[in-house]
Every structure is written in C-alpha cells, then in structure tokens.
Amino acid sequence: MADAKSNSAVAETNEAQIAVHWKEEEYFDPPASFVAQANLNDPAVNERFAEKNFPKCFEEYADMLTWFRRWDTVLDTSDPPFWKWFVGGKINASFNCVDRHLAKHKNKAALIAVPELENEDPVVITYQELYVRVNEFAALLRDFAGLKAGDRVTIHMPMVAELPITMLACARLGIVHSVVFGGFSGEACGLRAADSGSRVLIYMDGYYRSGKMIDHKAAAEIAVATAEKEGQSIDKVLVWRRYPGKYVSAAPMVKGRDFFVDDVVGNYRGKRVDPVPMDAEAPLFLMYTSGTTGKPKGCQHRTGGYLAYVTGTSKYIQDIHPEDVYWCMADIGWITGHSYIVYGPLSLAATSVIYEGVPTFPDAGRVWRIAERLDVNIFHTSPTAIRMLRKTGPEEPKKYHYRFKHMTTVGEPIEPDVWRWYYDVVGKREAVIVDTWWQTENGGFLCSTKPGIDRMKPGSAGPGMPGIYPTIKDEKNEDIPAGSGKAGNICIRNPWPGIMQTIWGDRDRFVRQYYSKYCKNPQSKDWRDWPYFAADGAVLPADGYFRILGRVDDVINVAGHRLGTKELESACLTVEEVAEAAVVPVADEVKGRVPEVYVALKPAYAPSKEITDKVVATIETMIGKIARPRKVHIVPDMPKTRSGKIMRRVLAAISNTLDTGDITTLANPDVVEQIRVAVQGKEKVATKEGPEDLKQFGKEE
Ligand code: PRX
C-alpha cells in the first residue's frame with residue numbers, strides 16, 4: 001500500500017471503480033414443487049429480518065437450537081468490533097448435533113461415508129451410532145489425552161466419518177478443534193498446530209485418492225517436527241486407521257507418542273461423557289485461512305452464534321428437512337465442510353453424505369452414481385467441480401436416476417453458461433439453485449437467493465441473506481448506489497451471529513484486516529460505524545442481486561481453495577537460488593484461477609530446469625500440492641517502482657495477456673517487454689478486456 005498515495009496509484013484506484021459491463025441474465029423461477037415443500041416460502045421473512053428488527057431477528061435462528069440456559073442479551077456491542085452474541089446462554093454443539101435427535105431419529109442415518117473404491121460399500125452411521133462413537137472418542141480425548149475445555153487440538157484428516165466424529169467429540173468437551181485440510185502438507189499442518197498451541201495431533205494413516213492409497217501418517221512426522229521447531233511440543237499423535245487393525249502407512253509409530261485410536265478406544269467402550277455446557281461465546285473451532293501476509297490466520301468461531309447461524313441458514317437456504325439426503329462435496333477441512341456438512345445439517349437431523357475421493361474416479365459418472373444409489377436430493381458443490389464434471393462427462397447426469405430438489409454453488413463466481421449446464425443437465429430443470437457467497441471468516445452464507453421465494457439469476461449470488469445488510473463502497477468510503485454499474489468493495493453493514501470472533505491470538509490484525517478501512521469512528525460503540533470489509537469486488541444492479549467479481553487483495557481462489565500469494569512467495573524465497581519472487585493469478589478454464597510464479601535469481605546463478613523444479617517442490621512441501629504453480633518463470637529482474645516495490649500487476653497482466661497499462665513510472669520499464677516476450681512470444685496479443693479481479697490484481701500496491 002506504500003504507493004497508494006502516489007499520483008499514478010490514485011489514477012489506478014479510480015480506474016478500479018470504472019463501470020463493469022456484462023450481459024444481464026434472464027431470471028429463472030424456482031420450481032413450484034420445490035416452493036410447495038420449502039422450509040421458507042413466506043416472504044414475511046424479509047420483514048422479520050429487516051433492519052428495524054435487528055439484532056433480535058436472529059433469535060429465530062437461536063430458537064432452532066436446544067440451550068442449557070437461554071441468553072440474556074442477543075448482541076453485546078460494548079467492545080467493537082468484537083461483537084458478542086447470545087450472551088449468558090449456555091449450549092453444547094455436540095449435544096445439538098447428536099443427542100437431541102435420539103428421541104425421534106436415533107435409527108436414522110446421520111452420516112453416510114462413501115469410500116473412493118467402488119467395491120467398498122458406503123458406511124452408514126445412524127444417530128445412535130454417532131452418539132456412541134462421539135462419546136467413546138470424547139472419553140478417550142479426556143481420559144487418555146488429558147484434554148479439557150479451551151484446549152486446542154489440530155486435526156489433519158481426509159474425508160472419512162471419523163473426521164466429524166472427532167470434531168463432535170471435541171465439541172462435546174469444549175475442546176477447540178482446528179481442522180487442517182487433508183491436502184495441506186505436514187509442514188503447513190505443523191505451523192498451524194504451533195500457532196494454535198495444540199499439543200495433540202489427530203491423524204488418519206492413509207486414504208484413497210484417484211485409486212491410490214496416500215500415506216498420510218508420513219505428514220504427521222513433518223508436522224510434529226515443524227511444530228517443535230516453532231516451539232510447540234506435541235505430546236500425542238492419535239492415529240485413526242483407514243482399516244482398523246491394519247496400518248497402511250510406512251511411517252513408524254513413535255513409542256509413547258503415537259497411538260492407534262482403534263487400539264485405545266477399546267478401553268472406553270460404552271462410556272458416556274456429559275456434554276459440557278459452554279458459554280455461547282466460548283470458541284468452538286479455529287479455521288486457518290490465507291490473507292494478505294505470509295502467515296495464515298486462525299479464524300476463531302464462537303459456539304452459540306455460529307451454531308445458530310449455520311442451523312438457520314441450513315434450514316432456510318439449504319432447505320434441509322430431517323428426511324432429506326444431503327450431499328455437500330466440499331472438504332470438511334474447509335469452512336464449507338464445517339458449516340454445511342457437519343454442524344448445520346447434523347443440527348437439523350439430516351443425513352449428511354461424505355465422499356472420500358475424487359469426483360471423477362473411476363470415471364465421469366461416479367458422482368451421479370453416488371447420488372442415485374443414496375437417493376441424494378440436495379447437492380452442494382463448487383463451480384470448479386461443476387466445470388470439471390461438465391468437461392469430463394457433459395451427458396453423464398442423464399444416465400442416472402437421481403432427483404435433486406435443490407443445488408448449491410459456492411466458493412467462486414460461476415459463469416452463467418456453467419450455471420445453465422448445472423440447471424439443465426445436473427438439475428434436470430427440476431432443482432432450484434442457490435449461489436451462496438461467503439467466506440471462512442463469516443461462518444455461513446452472506447448473499448444468496450432464498451430458494452423458495454426469490455427468482456434465480458445465473459452468475460449472481462443474489463441479495464443479502466435475512467438479517468445481512470450488504471453495501472458496496474468505493475475507495476472514499478461512499479456507498480455506490482444500486483444500478484450505477486460501478487464496481488466497488490462489498491461490505492456488510494452489520495454484525496451477524498456467524499461472524500468470527502477474532503483472529504486467534506491477534507486482535508489487532510482482526511481489526512486492521514476487516515474494519516479499519518471503513519470505520520469512520522474507532523471510538524464508536526454503535527455497530528453502524530463498523531462495516532465489515534470482505535476484500536471482494538462486487539457490483540449491484542437495480543434488482544438488488546449482488547454479483548461478486550473476486551478478491552481485491554493478495555488472495556487467489558484456486559479451484560475454490562483460498563491461497564495467499566504471499567504464502568507462496570515466502571515458500572519460493574526459501575529456495576537458495578531465489579532472490580525475489582512474485583506470485584500472480586492466471587485464469588484457468590476449469591479451476592477458475594491458478595498461480596503462476598515469477599522468480600529472479602541471485603547473481604551467482606543461471607536459470608535452469610533444476611531451479612524451476614526446486615521452486616515447485618518447495619511450494620508443495622511447505623504448503624501442499626493444491627498450491628502447485630502452473631508455471632515458474634525465471635526472469636532477469638522484476639518490474640519495480642522507483643521505491644523498489646515489485647509491480648505484481650504488470651506480471652499478472654503479462655501472464656493473462658492483458659494490457660500492462662502505464663509502465664513509464666517504473667524504475668526498469670525495459671524489463672517488462674523482455675518478460676512479456678519470454679512469456680508470450682514476440683507477437684503482441686494483449687487486450688484490455690478481462691475479468692475484473694485479474695485487471696485489478698496488485699493495483700493497490
Ligand atoms: O472471493 C470470494 C469467493 O471465495 C472467497 C472466500 O473463500 P473461502 O474463505 O475459502 O470460503 C469459501 C467458501 C465459503 C470469497 O472472498 N467466493 C465464495 N463464494 C463465492 C465466491 N465468489 C463468487 N461467488 C460465490 N458464491
């Protein structure tokens with residue numbers, strides 16, 4: 001931001017607000033059969049959740065839960081922007097997702113875990129069975145691992161039923177779980193474990209991916225070593241086995257530190273553990289996510305407000321009834337999985353499906369076979385998955401006899417064309433679609449149509465959710481009126497129960513990151529003075545349907561996974577030969593965006609394939625394969641401002657064959673053409689037209 005005040009940067013900032021043009025899309029009506037059975041089909045909801053009824057309106061969600069003690073205060077604003085929800089209330093998330101369903105639903109499937117290998121049958125876990133297993137594992141956590149309320153535990157597991165069992169066992173005791181996406185490396189896990197102060201890690205020995213058994217326990221060794229290097233010792237590693245009794249990893253079990261869960265849990269057979277009544281404000285979990293620095297931040301989510309918000313939105317927007325079979329294809333290691341595979345659906349006594357593997361394994365029909373076999377009727381996935389399924393098998397859904405009443409898209413902007421395939425072919429024109437916009441920080445949906453009430457518009461998330469009042473602001477903190485055709489930064493004007501409490505251990509960063517930009521009066525105790533800055537660009541036409549354009553910061557959304565360019569750059573800089581590194585997003589037909597890496601070498605080194613390979617390998621080791629760059633460009637020098645800042649926007653323009661804009665103010669303008677030729681070839685092909693997030697990338701620097 002150092003240059004934001006220079007003339008050229010001001011000119012660029014203004015450019016960020018120029019009109020954004022796209023073709024207006026036609027509306028689609030929700031099918032009448034859907035509306036008739038919807039949990040929410042009365043437009044009176046808009047009135048109930050109108051601003052004049054805020055914050056009390058959110059009691060409607062909290063009342064969907066079972067509380068040990070009712071709250072005294074709905075919203076406490078005494079310490080902005082650290083809002084407190086349902087203060088005085090006592091609640092337990094595990095009790096709400098398990099115990100309270102036993103009376104009516106104990107024999108009903110809570111989880112159906114589908115192994116990747118098709119010759120392994122789905123594993124069905126009823127609510128009664130979930131109750132037993134959560135209790136036994138909670139007893140193990142308490143009595144064997146010595147854990148208690150407030151302790152943190154890091155969980156690095158694949159998509160198996162044991163993962164929600166582990167989370168719910170933690171929640172039963174008030175242990176704060178921190179689930180790290182299984183695809184992250186051991187090193188990434190170790191850093192998060194250290195940041196959260198976890199002394200216990202929970203792993204699984206292995207899992208299937210594209211038909212191959214992945215040795216996952218090997219990552220635990222690296223995680224422990226990394227955490228210890230950071231000063232956090234790990235006392236115990238609890239290892240679930242993919243096949244109880246049979247260890248599939250080659251990594252040795254360390255005596256006195258590593259334990260097989262299936263060995264130890266036998267000592268707790270039949271044990272019951274009372275759910276601990278937790279303060280509504282007690283943290284339920286941490287979820288690390290990427291931001292604008294090299295260090296991931298632990299988003300800390302509260303118990304009462306979070307559970308109320310995901311339950312309410314699962315009921316109204318996901319339209320979950322207890323008799324539904326609901327399948328969200330996200331990974332539980334991301335926020336979508338926490339909110340809309342585990343906590344929301346289970347709190348409503350749904351059947352939640354978990355699939356271990358790759359959607360196209362062994363072939364493009366797999367997803368639709370699972371849907372048919374389990375009779376899934378609510379389906380939830382990302383644009384990347386939809387694009388991939390369309391590419392690999394555009395006609396496949398027609399071959400299978402499933403019927404979806406409801407489908408969700410989440411995580412990235414969806415192209416209207418892709419939306420229409422989802423609607424016509426996957427949904428067979430019978431399913432309603434919601435395009436839900438939100439973030440790890442938010443706990444649950446922020447913008448979406450209400451499926452039983454609002455019309456759908458391909459490519460637009462829709463209006464603010466009930467009780468969420470979004471606005472679009474320009475750089476001068478003015479609201480951009482609906483219908484002006486101008487893009488700006490989407491903000492939420494009010495607090496809501498699902499918003500994170502803080503960044504774990506870093507209150508200042510929380511305020512700086514989300515509130516400093518638009519807070520006009522830091523002394524104010526009025527929530528109206530504290531709009532939440534989401535770091536997404538958006539436009540708002542006259543119909544009130546927000547269209548999300550993508551990140552306005554250093555975050556790249558790769559296949560719906562959030563990566564920080566600074567994290568990748570930090571990894572590159574650990575390679576001995578690398579002097580400077582810059583990471584930029586590049587448009588990709590299936591994954592939305594992928595990272596490309598530019599490095600400049602230290603004087604003693606010449607470019608070579610070995611160095612390129614080393615950069616890729618280092619990124620995979622430090623972050624994980626999901627961060628693998630599409631290309632690594634070794635350049636003679638980075639384009640820089642006179643004050644020495646790397647101009648990432650110029651590199652992003654080159655990688656995306658966009659116009660590089662004004663480069664005359666650079667310290668070394670000549671290098672731009674050299675890099676352009678090396679990347680694109682001699683011919684000049686750059687255009688001015690391109691996705692807004694790519695055009696804006698790096699402009700604020
Ligand atoms: O840029 C937005 C994009 O995903 C970012 C949040 O990523 P993450 O924290 O990993 O959470 C993903 C799942 C909630 C946002 O800042 N994004 C999310 N949903 C949408 C979206 N972009 C467009 N349309 C969406 N529906």
Side-chain angles (χ1 to χ4, degrees), residues 22 179-181 183-184 286-292 296-299 301 309-310 313 317-318 328-341 344 380-387 407-416 418-419 422 433-449 456-465 468 470 487 489-492 498-500 503 513-514 532-539 545-564 567 585 591-593 626-627 691-694 696-697:
W22 76 89
V179 179
V180 175
F181 169 57
F184 275 131
L286 305 179
M287 163 73 45
Y288 280 84
T289 191
S290 301
T292 46
K297 52 196 177 190
C299 298
H301 285 279
Y309 198 68
V310 298
T313 51
I317 305 302
Q318 296 295 289
C328 170
M329 284 218 303
D331 195 290
I332 294 173
W334 304 110
I335 192 72
T336 303
H338 275 49
S339 301
Y340 297 112
I341 297 177
H380 186 150
T381 193
S382 65
T384 289
I386 302 167
R387 289 188 290 255
M407 305 193 299
T408 301
T409 165
V410 62
E412 313 149 63
I414 186 165
E415 300 78 3
V418 176
W419 191 99
Y422 198 32
I433 295 182
V434 291
D435 178 346
T436 58
W437 169 73
W438 61 297
Q439 312 169 304
T440 305
E441 292 88 338
N442 309 152
F445 307 145
L446 291 181
C447 284
S448 166
T449 49
M456 307 170 254
K457 187 163 97 171
S460 293
M465 293 280 303
I468 302 287
N489 298 316
I490 185 164
C491 296
I492 308 300
I499 177 76
M500 66 196 277
I503 293 174
Q513 180 83 42
Y514 306 106
Y532 167 84
F533 168 68
D536 271 318
V539 262
Y545 277 41
F546 289 89
R547 184 182 169 102
I548 309 298
L549 301 169
R551 301 288 304 196
V552 297
D553 59 3
D554 303 323
V555 167
I556 310 185
N557 195 332
V558 182
H561 301 158
R562 184 162 154 184
L563 295 176
E567 280 166 66
K591 294 184 173 175
R593 301 285 174 267
I626 51 162
E692 208 57 24
D693 61 317
L694 296 179
Q696 301 306 333
F697 183 81

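For the numbers below, each heavy atom of this structure counts, side chains included, while hydrogens, waters and symmetry mates do not. Just so you know, residue 1 is the first one in the sequence shown, and it goes up from there. Indexing begins at 1, ligand by ligand and atom by atom, following the structure's order.
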### Task
Provide, to 0.1 Å, the distance between atom 8 (P) of ligand 1 and the closest protein heavy atom, together with that atom's residue and name.
Thr440 OG1, 3.5 Å
### Query
Nearest heavy-atom pair of Leu549 and Ala487: which atoms, and what distance?
CD1-CB, 3.7 Å
### Query
Hey, do the aromatic rings of Tyr545 and Trp437 have their centres closer than 6.0 Å?
no
### Task
Write out the residue and atom name of the closest protein heavy atom to atom 19 (N) of ligand 1, then the distance separating them to 0.1 Å.
Gly411 N, 3.1 Å
### Task
Keeping the roles fixed (side chain from Asn557, backbone from Gly411), state whether a donor-acceptor pair exists under 3.5 Å.
yes
### contact_flag Ala461 ligand 1 heavy-atom lt 4.0 Å
no
#### Entry: Minimum non-hydrogen distance to atom 1 (O) of ligand 1, winning option of Asp693, Asp536, Asn557
Asp536
### Task
Distance to 0.1 Å, residue and atom name: give those for the protein heavy atom nearest to atom 24 (N) of ligand 1.
Glu412 O, 3.2 Å
### Query
Where is the tightest heavy-atom contact between Thr409 and Ser382, given as atom of each residue plus distance?
OG1-C, 4.4 Å
### Query
Who's the nearest protein heavy-atom neighbour of atom 10 (O) of ligand 1, and how far?
Arg562 CB, 3.5 Å
### Task
Anything under 30° is parallel, anything over 60° is perpendicular, the rest tilted; go ahead and classify Phe445 against Trp438.
perpendicular
#### Entry: Donor-acceptor pair, side chain of His338 and main chain of Gly443, under 3.5 angstrom
no
### Summary
among protein heavy atoms, the one nearest atom 13 (C) of ligand 1 is Thr336 OG1, 3.4 Å
### Query
Where the side chain of Gln318 meets the backbone of Tyr340, is there a donor-acceptor pair that is under 3.5 Å apart?
no
#### Entry: Ile548: numbered ligand 1 atoms lying under 4.0 Å from its heavy atoms
22 (N), 23 (C)
### Task
Return the residue, atom name and 0.1 Å-rounded distance of the protein heavy atom closest to atom 6 (C) of ligand 1.
Trp438 O, 3.7 Å
